[in-house]
Amino acid sequence: MFLAMRAEVEDALEEALTSLDFPTDDLGIETPPDDVDAVLASSVAYRLAGEAGMAPPQVAGTVADEIDETALTYIETVETQGPYLNFLPSEQYFAETLDTAQSDTYGQLSDRETSVVIEHTSANPTGPVHVGRARNPIVGDALARVLEYAGYDVDRHYYVNDAGRQIAVFTWAYETFEESELPEPERDAAEYEMVRYYRKGNSYLEEADDEAVEAAEAEIQTILQGLEDGDEETYERVGEVVDTVLGGMRETLERLPAEFDEFVKETRFMRDGSTDEVVDRLKELDEAVYEEDAWQLDFEDIEKNLVFLRADGTSLYTTRDLAHHEWKFDNYDEAVTVLGEDHKLQAEQLKETLELLGHDTDRLSTVHYSWVNLPEGGMSTREGTGVMLDDLLDESIDRAREEVEDRLGERIRDDELTEEDIERIAHQVGIGAVRYDVVSKQPTKGITFEWERALDFEAQSAPYVQYVHARACGILDEASAAGHEIPTGEAVDADALTEPEAEDLLRSIAAFPAVIEEAADERRPHIVATYTRDFAEAFNTFYRECPVLDADEKTRQARLALVAAAQTTIANALDAIGVAAPESM
RNA sequence: GGGCACGUAGCUCAGUCCGGACUAGAGCGUCGGACUUCUAAUCCGACGGUCGUGGGUUCGAAUCCCACCGUGCCCGCCA
């Protein structure tokens with residue numbers, strides 16, 4: 001309803017300005033502060049003051065007079081308050097919100113008929129997922145969900161770096177060392193078992209005598225060359241290592257949950273000839289230079305050259321990524337990539353090169369996040385330093401379980417939680433808290449990992465918002481048990497919501513689709529997380545001030561509809577950022 | 001050295017892109033209140049800020065521009 005109302009306000013304002021011969025390039029539409037009753041406002045009068053030769057408040061008055069309120073559906077009146085034009089909502093605005101927000105699909109915007117591929121995580125398949133890179137799947141998955149809500153047709157891809165040196169080292173190490181030489185795995189899972197070979201191989205290369213290292217390097221080089229030459233047996237050897245490790249990583253990621261439609265292997269673009277083919281085209285570009293036996297691109301705006309073909313004639317990661325992105329452009333309308341800030345330069349060069357190859361790079365957007373570091377420094381799979389995501393999730397679930405159990409004695413509600421309920425809540429809250437903590441912050445800000453902070457269940461965290469959902473479900477359950485019907489359609493009576501706390505909640509409900517739209521357009525899922533927090537506040541205030549079940553018939557009906565609308569809104573808002581919405585807790 | 005990002009209460013963060021009702025909002029912590037009530041993982045109140053610093057643009061700057069300071073990342077024929 002908010003979106004329709006906003007469109008109406010824009011049209012009306014533009015029309016009024018046109019008929020007054022004022023420019024319409026900046027309508028100055030903004031959200032008014034909380035203590036103003038309007039749903040939207042405009043500060044356009046400031047900008048027009050000079051041209052009109054009047055003070056801003058007078059301009060505002062003139063514009064307001066020009067707007068025909070009777071022609072508006074969702075706006076009752078247009079008032080001025082000093083230089084501001086305030087648009088006050090009509091009864092219909094509230095009534096329609098109260099009805100439509102009860103739909104299970106509330107917040108789902110109309111189909112944009114646009115396909116988007118979102119590539120995220122894409123961590124090298126060398127070992128267990130650690131917290132340093134955990135921002136990627138969480139932000140990536142949340143963004144994918146937000147884009148789906150916003151009406152895009154979304155595919156999630158994990159780009160598998162299976163052609164690099166580290167994978168050749170891994171394959172060599174896996175085939176060379178005996179399990180008896182390795183330490184016990186930290187967990188009974190494929191990637192924890194496998195990473196031991198990788199670490200062993202790397203330390204061997206650092207510590208063994210020159211002759212032994214030379215022999216190992218020769219074997220590693222053979223593997224790399226085998227991949228480059230398209231040798232089937234080499235692909236199978238490497239594939240076994242990659243698929244095994246990836247299988248384990250995938251299970252961890254699914255706990256978040258972060259699932260993928262496709263794991264796209266880098267070697268695919270070597271085998272199908274598209275990397276060679278893109279190299280041929282790159283050589284033809286005006287920016288292509290052949291220096292020191294290697295083919296490079298010399299950009300106008302970027303300091304550093306991009307080498308796309310080594311002196312030995314082999315391709316590089318970015319060369320293959322170019323073929324990968326051309327493939328994305330062939331198959332999707334838009335492409336979004338979630339990358340660490342250490343890949344910024346590479347991403348710029350990629351984009352610039354795609355532009356040179358004649359692609360419309362407006363179709364490509366990149367979301368960067370900064371690494372999560374430990375107080376003592378960065379996390380490394382190779383060195384085995386860092387906090388594993390599995391351990392963080394386990395610990396968070398354990399703490400959530402303790403919280404639930406501690407609270408059992410004080411529970412007023414007599415819904416008798418079963419063991420299963422406790423386990424369900426522990427998972428929903430524990431994982432939700434980790435996820436929420438990550439999505440609610442702007443990804444560009446640095447995070448230093450501290451257990452205590454990561455596991456903080458206090459306000460402004462997932463449980464605070466989840467509790468709102470549980471409370472709403474509790475009321476709806478009681479209502480259902482008492483045989484109260486929840487009014488929909490013509491039966492809803494938004495007029496009966498006279499308390500300001502109830503109206504504020506309804507306004508907050510109405511804003512949800514616009515929040516989804518903004519978060520999707522700007523590729524910033526944290527906007528949805530901020531919204532859930534504000535929404536929870538509005539709900540809790542309403543909860544305190546406005547009893548539902550004990551209210552008189554008419555009020556109860558209206559408030560029940562409001563609670564039902566609040567429940568679907570917060571359930572979907574949490575769903576959009578991938579946080580579970582518990583029905584009780 | 002160069003490029004990019006970040007710098008808002010003791011701590012963790014919103015707000016910054018698109019300047020306006022901002023005499024800057026939350027939460028944690030501290031202090032003081034509210035459970036015979038639809039679940040207190042809640043709510044209410046108090047204390048707490050030269051929005052890194054200095055200049056500039058503007059009727060108006062946390063928000064735009066410039067310089068500087070601090071922190072992080074990048075500057076490989078690695079990925």
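Chain identifiers are assigned alphabetically (A, B, ...) following the order of the sequence lines, protein sequences preceding nucleic acid strands; residue numbering begins at 1 within each chain.
Between the NE2 atom in A:H368 and the CG atom in A:D342 there is a gap of 9.5 Å [rounded to 0.5 Å].
If you check every strand for non-hydrogen atoms under 4.0 Å, A:I425 touches a base. Using a 4.0 Å heavy-atom cutoff across all strands shown, A:S461 reaches no nucleic acid atom at all. The residue A:R556 sits apart from the nucleic acid: no heavy atom pair falls under 4.0 Å. Residue A:P32 is classed as a base contact, given a heavy-atom separation below 4.0 Å to a base. Heavy atoms of A:V429 sit under 4.0 angstrom from at least one base atom. Residue contacts shown for A:G164 are limited to sugar-phosphate atoms, with no base heavy atom under 4.0 Å away. If you check every strand for non-hydrogen atoms under 4.0 Å, A:A470 touches a base. A:C473 comes within 4.0 angstrom of nothing in the nucleic acid, heavy atoms only. If you check every strand for non-hydrogen atoms under 4.0 Å, A:E410 touches nothing. Residue contacts for A:H368: at a heavy-atom cut-off of 4.0 Å it reaches no nucleic acid atom on any strand shown. Residue A:A41 is in base contact, counting any heavy-atom pair closer than 4.0 Å across all strands shown. A:R453 comes within 4.0 angstrom of sugar-phosphate atoms only, judged by non-hydrogen atoms across all strands, and of no base. The residue A:V307 sits close only to the backbone: its heavy atoms come under 4.0 Å of sugar-phosphate atoms, none of a base.
Here, B:rG29 and B:rC11 have their C1' atoms 8 Å apart, quoted to the whole Å. Comparing B:rC38 with B:rG32, their C1' atoms sit 28 Å apart, to the nearest whole Å. Across the C1' atoms, B:rC64 and B:rG45 are found 38 Å apart, a figure rounded to whole Å. Separating the P atom of B:rG3 from that of B:rC65 is a span of 15 Å, rounded to the nearest Å. Separation of the P atoms belonging to B:rA9 and B:rA24 is 14 Å when rounded to the nearest angstrom. Taking the P atom of each, B:rU58 and B:rA14 are spaced 32 Å apart, rounded to whole Å. Atom name P, nucleotides B:rA5 and B:rG25: the rounded distance is 28 Å, in whole Å. Going from the P atom of B:rG52 to that of B:rG33 covers 37 Å, rounded to whole Å.
Between A:P443 and A:W371, the residue anchored nearer the 5' end of RNA chain B, judged by the nucleotide with its closest heavy atom, is A:P443. If A:D312 and A:T31 are placed on RNA chain B by their nearest nucleotide, the residue sitting closer to the 5' end is A:T31.
Taking every side-chain heavy atom of A:K441 into account, B:rA14 is the closest of B:rA14, B:rU42, B:rC38. The side chain of A:P547 lies closest to B:rC38, out of B:rC38, B:rA14, B:rA21. Closest contact between the side chain of A:E522 and the listed nucleotides B:rC18, B:rC59, B:rU16 involves B:rC18. In the set B:rU39, B:rA14, B:rC6, the nucleotide with an atom closest to the side chain of A:T444 is B:rC6. Taking the side chain of A:R310 as heavy atoms from C-beta on, and the options B:rG7, B:rA21, B:rA79, the nearest nucleotide is B:rA79. Here the side chain of A:Y464 is nearest to one of B:rU42, B:rC38, B:rU12, namely B:rU42. When the nucleotides B:rA21, B:rC78, B:rU16 are ranked by their closest atom to the side chain of A:N86, B:rA21 comes out on top. Comparing B:rC13, B:rG76, B:rA41 by their closest approach to the side chain of A:K304 singles out B:rG76. With B:rC17, B:rG7, B:rC38 as the choices, the nucleotide that has an atom nearest any side-chain atom of A:K445 turns out to be B:rG7. Minimum atom distance to the side chain of A:L549 is reached by B:rC38, of the listed B:rC38, B:rA26, B:rC59.
Note on ring orientation: taking the six-membered ring where Trp is involved, the planes of A:F269 and A:H324 are tilted (angle from 30° to 60°).
Rounded to whole Å, atom P of B:rU42 lies 14 Å from atom CZ of A:R544. When rounded to the nearest whole Å, the span between CZ of A:R533 and C1' of B:rG27 equals 8 Å. Put simply, CG on A:D342 is 10 Å from C1' on B:rA79, counting in whole angstrom units. A straight line from CZ of A:R399 to C1' of B:rA41 spans 15 Å, rounded to a whole angstrom. The distance from atom NE2 of A:H469 to atom C1' of B:rU42 is 17 Å, rounded to the nearest whole Å. Between A:N540 atom CG and B:rA26 atom C1' there is a gap of 14 Å when expressed in whole angstrom units. Atom CD1 of A:I412 is separated from atom C1' of B:rU36 by 10 Å (rounded to the nearest Å). Across the protein-nucleic acid pair, A:E452 atom CD and B:rG27 atom C1' stand 15 Å apart, rounded to whole Å.
Taking side-chain N and O atoms only, A:R471 has a distance below 4.0 Å to OP1 or OP2 of B:rA40. Between A:R407 and B:rA41, a side-chain N or O to OP1/OP2 separation shorter than 4.0 Å is present. Look at A:Q442 and you'll find a side-chain N or O under 4.0 angstrom from OP1 or OP2 of B:rG15. In this model, the phosphate group of B:rA79 is approached by a side-chain N or O of A:R320 to a distance below 4.0 Å at OP1 or OP2. Phosphate proximity of B:rA40 to A:Y543: present, with a side-chain N or O under 4.0 Å from OP1 or OP2. The side chain of A:Y467 places an N or O atom within less than 4.0 Å of a non-bridging phosphate oxygen (OP1 or OP2) of B:rA41.
Side-chain atoms of A:Q349 stay outside donor-acceptor range of the base of B:rC75, with no qualifying N/O pair under 3.5 Å. Under 3.5 Å, the side chain of A:E341 and the base of B:rA5 form no donor-acceptor pair of N or O atoms. For a distance-only test at 3.5 Å, the side chain of A:D34 fails to qualify as a donor-acceptor partner of the base of B:rA21.
Side chain to side chain, A:T126 and A:N124 fail the donor-acceptor criterion of an N or O pair below 3.5 Å. Checked by atom type, the side-chain pair A:D162/A:T267 shows a donor-acceptor distance below 3.5 Å. Side-chain contact, A:N86 with A:E79: no donor N or O sits under 3.5 Å from an acceptor N or O. Looking at A:T381 and A:R199, their side chains never bring a donor and an acceptor atom within 3.5 Å of each other.
Ring pair A:Y158/A:H120: centre-to-centre distance not below 6.0 Å.
Under the Watson-Crick or G-U wobble criterion, with both distances below 3.5 Å, B:rU30 is paired with B:rA46.
Side-chain contact between A:W172 and A:L205: present, with at least one pair of heavy atoms (C-beta onward) separated by less than 4.5 Å.
Checked against A:H484 for a side chain to side chain donor-acceptor pair (under 3.5 Å), the options A:E478, A:Q557, A:R556 give a single hit: A:R556.
Put simply, the side chain of A:T385 gets close to the backbone of A:S380: a donor and an acceptor are under 3.5 Å apart.
B:rC35 shows a glycosidic angle within 90° of 0 and is accordingly assigned syn.
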